[in-house]
K.L.:
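Would you mind keeping the following structure in view while I ask a few things?
This structure is a prediction, so every number in the text was calculated from the model and none was measured. All chains are named by letter (A, B, ...) in the order of the sequence lines, taking the proteins before the strands, and each is independently numbered beginning at 1.
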There are 2 protein chains.
Amino acid sequence: MRRKVLDVAEAAFQARGYHASSLGDLMAAAGVSGGALHHHFPTKKALALAVIEERVAAAVDETWIAPVRRAASAREGVRQVFEAVAAELEQQGFVRGCPLNNLAHELSLADPEFRIALAGIFSAWRQAIADKISADQQEGREQATDPQHFAVFAVAAYSGAMSMAKTAQDAGPLRDCLAALERCASQATSPQREPGTRRRRRVLPRFGTS
Amino acid sequence: MRRKVLDVAEAAFQARGYHASSLGDLMAAAGVSGGALHHHFPTKKALALAVIEERVAAAVDETWIAPVRRAASAREGVRQVFEAVAAELEQQGFVRGCPLNNLAHELSLADPEFRIALAGIFSAWRQAIADKISADQQEGREQATDPQHFAVFAVAAYSGAMSMAKTAQDAGPLRDCLAALERCASQATSPQREPGTRRRRRVLPRFGTS
DNA sequence: TGTCAAACAGGACGATCACCCTGTTTTGGA
DNA sequence: TCCAAAACAGGGTGATCGTCCTGTTTGACA
């Protein structure tokens with residue numbers, strides 16, 4: 001029951017936002033009575049906090065952190081995620097946006113607790129990429145790039161591209177940013193590689209923003 | 001009166017968002033009666049649309065488009081805007097976020113008219129940067145960078161950095177992204193020629209697709 | 001000055017909101 | 001089997017929402 005409420009709330013907050021999703025809508029969509037909802041989540045804020053901490057964090061973990069960790073390098077991991085997300089968006093023909101950024105924009109100024117929770121997810125996201133860059137450097141796969149700078153940059157490019165993609169309802173910005181990022185990468189890493197050779201490598205669509 | 005309502009609404013939508021700003025709040029803050037508000041803006045949606053088209057578009061124009069146009073080059077213009085915004089945020093010690101991105105996240109899926117209006121502003125923003133890159137190329141200040149790719153990239157990096165800055169309440173992400181962008185720039189503008197991997201030309205919504 | 005439409009005032013409306021309260025059912029350990 | 005606690009049902013509550021309606025004031029022009 002709690003699980004079903006979280007499912008519905010996660011989807012509704014992503015699709016319509018926090019303030020535009022009424023508890024009545026959620027109760028109806030989840031087939032849950034008011035008493036049940038109030039039992040598990042005393043307030044709407046508590047529900048949103050649970051969605052952020054349990055679902056949004058997990059989504060970022062699944063979509064970004066895990067793929068980057070298991071990638072051959074940080075840059076390759078970032079590339080794969082961009083590619084996978086763009087492919088999925090093109091396949092489903094609809095852009096719902098990044099769950100973290102959607103809620104971050106609406107809630108980070110609304111309540112300090114929201115802001116802290118959301119900032120923590122951003123931080124973990126960045127740290128995973130920065131750690132991967134550091135590992136790459138120790139193994140000689142990467143030059144003297146500042147890990148934090150690169151991580152912030154990758155997250156920002158993705159977030160901003162997704163923001164545009166959502167507004168335009170077109171995955172193009174993600175592909176454009178990926179292309180621009182690869183141009184950067186090809187020059188910042190080992191110079192003996194021409195940047196036109198690898199394109200459109202298939203990536204398993206494990207990710208799920210729906 | 002209409003002007004004062006727009007002032008208050010612009011500030012409230014930016015600070016608390018559209019759904020979290022009630023017309024009662026706006027009326028009280030603007031010192032306007034319900035009848036007056038309804039006279040100028042029949043619905044709340046009409047008010048938001050006016051804020052988007054008259055204020056948000058103007059803010060993007062003033063903050064980004066005009067400075068880029070009058071800069072020595074596109075890359076220099078982007079650098080200046082990042083620098084100026086970061087400095088301003090650090091001075092006032094509070095990050096309200098990007099007006100366009102704030103509303104885009106909350107409203108672009110809520111109503112098609114909102115989405116079209118917001119997408120138009122994004123498009124004009126990108127176009128101004130792309131045009132500047134093209135002008136740079138014609139005058140030999142820029143290599144064969146794809147203008148659209150660079151424009152999307154710059155806007156995405158800014159939007160994403162601002163998103164993180166807002167959530168963290170710290171201008172650091174903007175500075176990090178600026179540093180990373182300059183690293184890219186110094187290598188992309190260096191006199192080395194690369195076979196441009198032209199991609200498909202994408203169709204993005206221009207102004208008013210009504 | 002007289003006229004009329006635009007501008008504005010202010011309350012009332014129904015709908016909806018998040019939340020709470022009182023019961024009933026289910027569950028797990030003694 | 002018993003019992004207490006958790007889980008759940010479902011209606012009710014005051015507050016607040018966006019919108020609308022009826023008057024009154026203002027201002028431009030004849």
K.L.:
Can the ring centroids of B:F153 and B:Y158 be said to lie less than 6.0 angstrom from one another?
P.N.:
no
K.L.:
If the sugar-phosphate is the primed atoms plus P, OP1 and OP2 and the base is the rest, what is the B/S/- string for nucleotides 7-19 of chain D, using protein heavy atoms under 4.0 Å?
P.N.:
BSBB------SSB
K.L.:
Inspect the contact between B:D7 and B:R55 and indicate whether a charged nitrogen and a carboxylate oxygen are less than 4.0 angstrom apart.
P.N.:
yes
K.L.:
Does the Lys NZ or Arg CZ of B:K44 fall within the cation-pi geometry relative to B:Y18 - under 6.0 Å from the ring centre and within 45° of the axis?
P.N.:
yes
K.L.:
Between B:N101 and B:K166, do the side chains contain an N or O donor and an N or O acceptor separated by less than 3.5 Å?
P.N.:
no
K.L.:
For this output row, return yes or no: ring centroids of A:H105 and B:H105 closer than 6.0 angstrom.
P.N.:
yes
